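Because the structure is a prediction, the values reported are computed rather than measured.
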Amino acid sequence: QVQLVESGGGLVQPGGSLRLACVASGSIARIYHIHWYRQAPEKERVLVAAISRRGATTFAESVKGRFAISRDDANFTVYLQMNDLKPEDTAVYYCNLGITTLQEPGSTRNYWGQGTRVDVSS
């Protein structure tokens with residue numbers, strides 16, 4: 001059984017920063033892809049940032065230059081550093097990890113965090 005627990009969301013003023021964390025626990029053998037998505041009110045969930053196992057990163061155009069994604073494989077933790085936040089960044093943020101477990105080392109499954117809410121407002 002694998003669980004993802006997110007933290008770090010909250011209310012922040014425009015121009016402020018937050019760092020989201022996503023900690024994976026359970027019988028994890030390896031983490032492959034790491035994605036951060038967000039879903040604004042009444043909108044679809046969209047990909048914000050991604051990092052491969054080798055550290056290659058991609059970002060949505062709307063967050064380039066402001067967000068950074070990183071991974072700490074030794075502690076099964078991933079981060080999303082968000083700087084210069086804008087009201088349009090308001091959303092629930094979800095981590096999405098591709099994980100192989102000790103029980104099924106040949107199979108990579110997708111896991112989702114519960115979401116953490118970010119509100120950017122003055």
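- The distance from the OG atom of Ser70 to the CD1 atom of Ile51 is 6.5 Å, given to the nearest 0.5 Å.
- Looking at heavy atoms from C-beta onward, Ile99 lies out of side-chain contact with Tyr32 at the 4.5 angstrom threshold.
- A distance-only check finds a donor-acceptor pair linking the side chain of Arg71 to the backbone of Ile31 [under 3.5 Å].
- For Arg53, the CZ atom sits in a packed shell: over 12 heavy atoms of surrounding residues, nucleotides or ligands are nearer than 6.0 Å.
- For Tyr111 against Leu4, the heavy-atom pair with the smallest separation is O-CD1, 3.4 Å.
- Using a 4.5 Å heavy-atom cutoff, the side chains of Val78 and Leu97 are in contact.
- Checked by atom type and distance alone, the side chain of His35 never pairs as donor or acceptor with a backbone atom of Asn96 at under 3.5 Å.
- Side-chain N or O atoms of Thr90 include one that pairs as donor or acceptor with a backbone N or O of Pro87 at under 3.5 Å.
- Here the closest non-hydrogen pair linking His33 and Asn110 is NE2-OD1, 2.9 Å.
- Look at Asp89 and Arg38 and you find a salt bridge, because one of the NZ, NE, NH1 or NH2 atoms lies within 4.0 Å of a carboxylate O, short of that distance.
- Separation of atoms CD (Gln114) and OG (Ser7) is listed at 8.5 Å; rounding is to 0.5 Å.
- For the residue pair Arg117 and Asp119, the shortest heavy atom distance occurs at NE-OD2, 2.9 Å.
- In this structure the side chain of Thr57 reaches within 4.5 angstrom of the side chain of Phe59, judged on heavy atoms.
- Taking the side chain as every heavy atom from C-beta outward, Thr100 and Pro105 never approach each other to under 4.5 Å.
- Rounded to the nearest 0.5 Å, atoms NZ (Lys64) and OG1 (Thr58) are 8.5 Å apart.
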Practice prompt. Let me see the working for Asn83 and Ser17 under side chain to side chain donor-acceptor pair (under 3.5 Å), right down to the final yes or no.
Written response: CA-CA 4 Å; Asn83 300 321; Ser17 297; 3.0 Å; yes
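- Val23 and Val118 fall into different hydrophobic clusters, where Ile, Leu, Val, Met, Phe, Trp and Tyr are joined by side-chain heavy atoms under 4.5 Å apart, directly or via other members.
- Rounding to the nearest 0.5 Å gives a distance of 6.5 Å between CZ of Arg66 and CG of Leu85.
- The closest side-chain heavy-atom distance from Gln103 to Ser27 is below 4.5 Å.
- Counting heavy atoms of neighbouring residues, nucleotides and ligands inside a 6.0 Å radius, atom CD of Gln39 exceeds 12 of them.
- Between Val2 and Ile28 there is a side-chain heavy-atom pair separated by less than 4.5 Å.
- Through side-chain heavy atoms spaced under 4.5 Å, either directly or across other Ile, Leu, Val, Met, Phe, Trp or Tyr residues, Leu47 is tied to Tyr37, Val92, Tyr94, Trp112.
- Taking the side chain as every heavy atom from C-beta outward, Cys22 and Tyr79 never approach each other to under 4.5 Å.
- Rounded to the nearest 0.5 Å, atoms CZ (Arg109) and OG1 (Thr101) are 7.0 Å apart.
- For Glu6 against Gly115, the heavy-atom pair with the smallest separation is OE2-N, 3.2 Å.
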